[in-house]
> 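What follows is a structure written as structure tokens; I'll ask about it next.
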Amino acid sequence: MFDQSAIQQLTQAEATAQSNESVQHALTAGQALVALHDEFNLTSLESYLPLRRRARNSMSTSYVEDFSRYVRQHRENGCTIYVNAEGMTAKAVLNQGTPAAPGHGDNTALVKLKATALYTSLRNLVSQNRGQKALAEWLEEWRDQVMPLDKDLADLNIGHVVAGIRSVSIEQINKSTSTVEALSAERSEMESVAAKTDRTDAVLPAYLKLTTNPYKELGARTFYVRVSILTSQREPTFALGILGLELHEEQMAEEFAHVVRASFAPVADADGVVTEEIPDVLIGAFSVNG
């Protein structure tokens with residue numbers, strides 16, 4: 001007679017055979033679903049096969065040329081490239097497929113532009129308020145690329161500007177005022193605090209101007225940075241902001257998309273018939289649901 005354990009093993013063996021048959025039938029028939037018992041697991045044997053069943057890779061680089069070369073070599077039907085404006089990345093979904101024959105969308109290539117040293121330093125500078133020492137040292141480091149300007153956008157001597165930033169101090173005046181200017185901020189109590197310098201040749205800038213390639217794959221552009229002095233503390237601090245930053249980011253994203261498109265060229269045969277189209281390049285994001 002069979003004991004309980006033997007009966008259970010025979011039952012599981014029969015159920016396993018039926019499950020294998022169901023899975024094989026579903027794969028052959030192209031069915032998307034198959035019913036299996038909760039106690040059974042599916043194990044892929046792909047790692048033991050000479051070749052993978054399909055490509056599921058993630059390639060990344062900071063060079064558009066290498067990105068486009070990889071995409072041309074590995075693209076499948078419906079390949080689409082998505083440009084992320086905020087992250088300055090372009091992601092190619094190589095196996096996106098088409099509406100009639102959607103792909104799995106898990107074979108991708110990514111290019112992330114590398115910001116230049118000056119642009120990286122600028123974005124870090126404006127990320128928080130800066131003290132006198134930090135701002136003066138930043139201007140000295142980039143003095144050959146940065147031009148300080150007055151409120152009328154006239155050039156200022158950077159040596160005088162650095163001296164002004166280093167020597168500026170807070171002077172308390174015992175009277176109230178409601179005026180707030182770019183280089184003067186008010187305390188809430190009944191006193192006015194103005195920024196003064198103790199050197200006759202020292203000046204404070206209203207703006208900073210610099211022209212640079214923000215990313216090595218993009219063209220040069222000019223940035224204007226508003227400089228405001230905050231006098232609400234015992235020591236003066238500076239608030240800096242890039243004017244029109246969102247517009248710059250939109251324009252850079254559009255330029256990036258153009259650079260990606262330009263890195264591809266239609267492939268034609270000897271008769272001039274195009275055999276390989278340029279993949280679609282869209283500004284946006286893509287994800288697979290479900």
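Bear in mind the structure is a predicted one, so any value in this text is a computation, not a measurement.
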> Where is the tightest heavy-atom contact between Phe67 and Ala109, given as atom of each residue plus distance?
CE1-O, 3.4 Å
> Look at Asp106 together with Arg54 and state whether they make a salt bridge at an N to O cut-off of under 4.0 Å.
yes
> Could you list the residues that satisfy side chain to side chain donor-acceptor pair (under 3.5 Å) with Glu65, not counting sequence neighbours?
Arg69
> Rounded to the nearest 0.5 Å, how far does OG of Ser228 lie from CG of Leu204?
11.5 Å
> Does the pair Leu240 and Leu135 meet the rule for a side chain to side chain contact (heavy atoms under 4.5 Å, CB included), with working shown?
CA-CA 10 Å; Leu240 304 105; Leu135 180 56; 4.0 Å; yes
> Within this structure, what is the NZ-NZ distance for the pair Lys91 and Lys112, rounded to the nearest 0.5 Å?
13.5 Å
> Quick one: which of Val146, Val126, Leu149 gives a side chain to side chain contact (heavy atoms under 4.5 Å, CB included) with Val225?
Val126
> Go through Glu140 and Arg166 one step at a time and tell me if the salt bridge (charged side-chain N to carboxylate O under 4.0 Å, His left out) criterion holds.
CA-CA 12 Å; Glu140 289 176 330; Arg166 288 188 181 279; 3.0 Å; yes
> Could you go step by step and tell me if Phe238 and Ile165 meet the side chain to side chain contact (heavy atoms under 4.5 Å, CB included) rule?
CA-CA 9 Å; Phe238 294 86; Ile165 292 173; 3.9 Å; yes
> Tyr82 and Gln96: side-chain donor and acceptor closer than 3.5 Å?
yes
> How would you list, by chain and number, every residue that makes a side-chain contact (heavy atoms from CB on, under 4.5 Å) with Asn77, sequence neighbours excluded?
Thr98
> Report the C-alpha separation of Glu249 and Leu245 in whole Å, then their side-chain angles, then the decisive distance to 0.1 Å, and conclude whether the side chain to side chain contact (heavy atoms under 4.5 Å, CB included) test is met.
CA-CA 6 Å; Glu249 291 177 338; Leu245 178 58; 4.0 Å; yes
> With the side chain counted from C-beta on, respond yes when Tyr215 and Met88 share a heavy-atom pair under 4.5 Å apart, and no when they do not.
yes
> What distance separates Leu247 CG from Met252 CE, expressed to the nearest 0.5 Å?
9.5 Å
> What distance separates Leu125 CG from Ile242 CD1, expressed to the nearest 0.5 Å?
8.5 Å
> Under 3.5 Å, is there a donor on one side chain and an acceptor on the other for His248 and Arg221?
yes
> Report yes or no: is the cationic atom of Lys216 (NZ for Lys, CZ for Arg) under 6.0 Å from the centre of the six-membered ring of Tyr63, at an angle within 45° of the ring normal?
yes
